[in-house]
Amino acid sequence: MYRFLLSRQWVILTLVALVLIPVMIELGFWQFHRHERRVTQNTLIADNLKAAPVPVEELTSPGHVVPRADYWRRVTATGTFDTAHEVVVRRRTSSDDRVGAHVLTPLVLQDGRIVLVNRGWVPGAANQRDYPEVPPAPPGRVTVTGRLKADETTGASGIKDLKGLPDRQVMLISSRQQAELIGREVLGGYIEQTEPAAAGGSPEQIPEPDHDSIGAHMAYAVQWWLFAAGVPVGWLVLVRREKRDRENGSTGGTGSGPEGGNGGGSGGADTPADTPAAPREDGDAIQATSPR
């Protein structure tokens, strides 16, 4: 009764099931690994945000690539803002998803080197090619506290580094690019300023990165694994149903009732019991006697 499994339809169905099972298992592990990476990153962010701030010169230098272990480390930098080489980073959103720009201002340190400071978000100009209105940086010697970030790249951010932009406007925050424009040594990476707070709340400082949410990756992983377990179960259910349907189809037309005969006559009699008898001859008639 299982020969139907060799039919073309069932061979294709079985092959599809055999392909789906490992694919779904792999998708489950992909989501599980994304969950693990999210948990690891949340732990890293929380630990670095809680750490005591250190001078930025201890963690980076010109040409240095900030490693992931130092992302969001709290750092301090003391110097003077160089507003003449200030630029804005286009197409950045605020905490409430308004489109504008980030203000990137070089801070000249005591040794003459420069560290880039992202002072925060400002609304864009009505005409995208115009330079937006940017509140001036604090004059004189200042000490800035913030989070250390690595230089942005197209590969990591997905943002294209467009050419031919208006003067003092960029797409990515790159210490190498700014070093070429300024003509001085620039420390690798940049600082997201958190202190001191901007006068009047502008530029709007960048909020802390989310390090509490873990997303739904673990739930998606479990779902994929349940789907993988359900494929063989579903296949077995279909096989049993097909077998039952074939068995019912093969036995449904073979039963037959008795042919001829009647249910009320005596066995072997050809004439029904209620057939009237043939008339008697006259000599055989029974004479009725009259009463005396």
Applied to residues 200-214, the salt bridge (Lys or Arg N to Asp or Glu O under 4.0 Å) test, sequence neighbours excluded, yields R38-D210, R98-E204
According to a hydrophobic-cluster definition based on side-chain heavy atoms being under 4.5 Å apart (Ile, Leu, Val, Met, Phe, Trp, Tyr only), do [X] and [Y] belong together?
| X | Y | answer |
| --- | --- | --- |
| L6 | V239 | no |
| V87 | I159 | no |
| L236 | L15 | no |
| L20 | W30 | yes |
| V16 | L27 | yes |

Give the minimum heavy-atom separation between [X] and [Y], together with the two atoms involved.
| X | Y | value |
| --- | --- | --- |
| M24 | W224 | O-CB, 3.5 Å |
| P106 | I182 | CG-CD1, 3.8 Å |
| R119 | A137 | NH1-CA, 3.5 Å |
| V122 | S202 | CG1-OG, 4.1 Å |
| T194 | G146 | OG1-CA, 3.6 Å |
| S175 | G189 | OG-N, 3.8 Å |

Side-chain ([X]) to main-chain ([Y]) donor-acceptor, under 3.5 angstrom:
| X | Y | value |
| --- | --- | --- |
| T105 | T83 | no |
| W225 | I25 | yes |
| T153 | A156 | yes |

At what distance, to the nearest 0.5 angstrom, does [atom1] of [X] lie from [atom2] of [Y]?
| X | Y | atom1 | atom2 | result |
| --- | --- | --- | --- | --- |
| E26 | F32 | CD | CZ | 13.0 Å |
| F227 | Q223 | CZ | CD | 5.5 Å |
| R240 | L238 | CZ | CG | 12.0 Å |
| Q177 | D151 | CD | CG | 9.5 Å |
| Q205 | E192 | CD | CD | 10.0 Å |
| R184 | D82 | CZ | CG | 7.0 Å |

**Study point:** Short side-chain donor-acceptor distance under 3.5 Å, T78 and T143
**Key:** yes
Original post:
Looking just at side-chain N and O atoms, do D161 and T154 make a donor-acceptor pair shorter than 3.5 Å?
Top reply: no
Can you confirm whether [X] sits close enough to [Y] that some side-chain heavy atom of one is under 4.5 Å from a side-chain heavy atom of the other?
| X | Y | result |
| --- | --- | --- |
| M171 | R91 | yes |
| P209 | Q41 | no |
| L181 | Q178 | yes |
| R147 | I206 | yes |
| Q9 | L13 | no |

**Report entry** Parallel, tilted or perpendicular: rings of W10 and W235 (30°, 60°)
**Finding:**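 The arrangement is perpendicular - the two ring planes meet at more than 60°.
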**Request:** Quick one: name the residues clustered hydrophobically with V115, using the 4.5 Å side-chain heavy-atom rule over I, L, V, M, F, W, Y, and just say none if it's on its own.
**Result:**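 L44, I45, L49, V54, V56, L59, V66, Y71, W72, V75, F81, L107, L109, V117, V142, V144, L148, L187, I191, all in the cluster of V115.
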Notebook entry, point to check: In the hydrophobic clustering (ILVMFWY, side-chain contacts below 4.5 Å, transitive), which residues join Y220, or is it alone?
Noted result: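 Hydrophobic cluster check, Y220: no partners found.
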Which atom pairs, one a donor and one an acceptor, fall under 3.5 Å between side chains of residues 128-136 and the rest of the protein, sequence neighbours left out?
from	atom 1	to	atom 2	distance (Å)
Y131	OH	R168	NH2	3.4

*Going by an N to O cut-off under 4.0 Å, is there a salt bridge joining R176 and E180?*
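Salt bridge flag = no for E180 with R176.
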Self-check item: salt bridge (Lys or Arg N to Asp or Glu O under 4.0 Å) against D70, all qualifying residues, sequence neighbours excluded
Solution: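 Per chain and number, D70 pairs via salt bridge (Lys or Arg N to Asp or Glu O under 4.0 Å) with R73.
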Hits for salt bridge (Lys or Arg N to Asp or Glu O under 4.0 Å) against R74, two or more places apart or cross-chain, chain-then-number order -> none
### Message
Between F4 and K243, is the side chain to side chain contact (heavy atoms under 4.5 Å, CB included) condition met? List the steps.
### Response
CA-CA 8 Å; F4 64 85; K243 178 177 178 292; 4.2 Å; yes
| task | For side chain to side chain contact (heavy atoms under 4.5 Å, CB included), just list the numbers for H217 and R37, CA-CA rounded to whole Å, side-chain angles, deciding distance to a tenth of an Å, and then say yes or no. | result | CA-CA 10 Å; H217 301 303; R37 287 195 296 270; over 6 Å; no
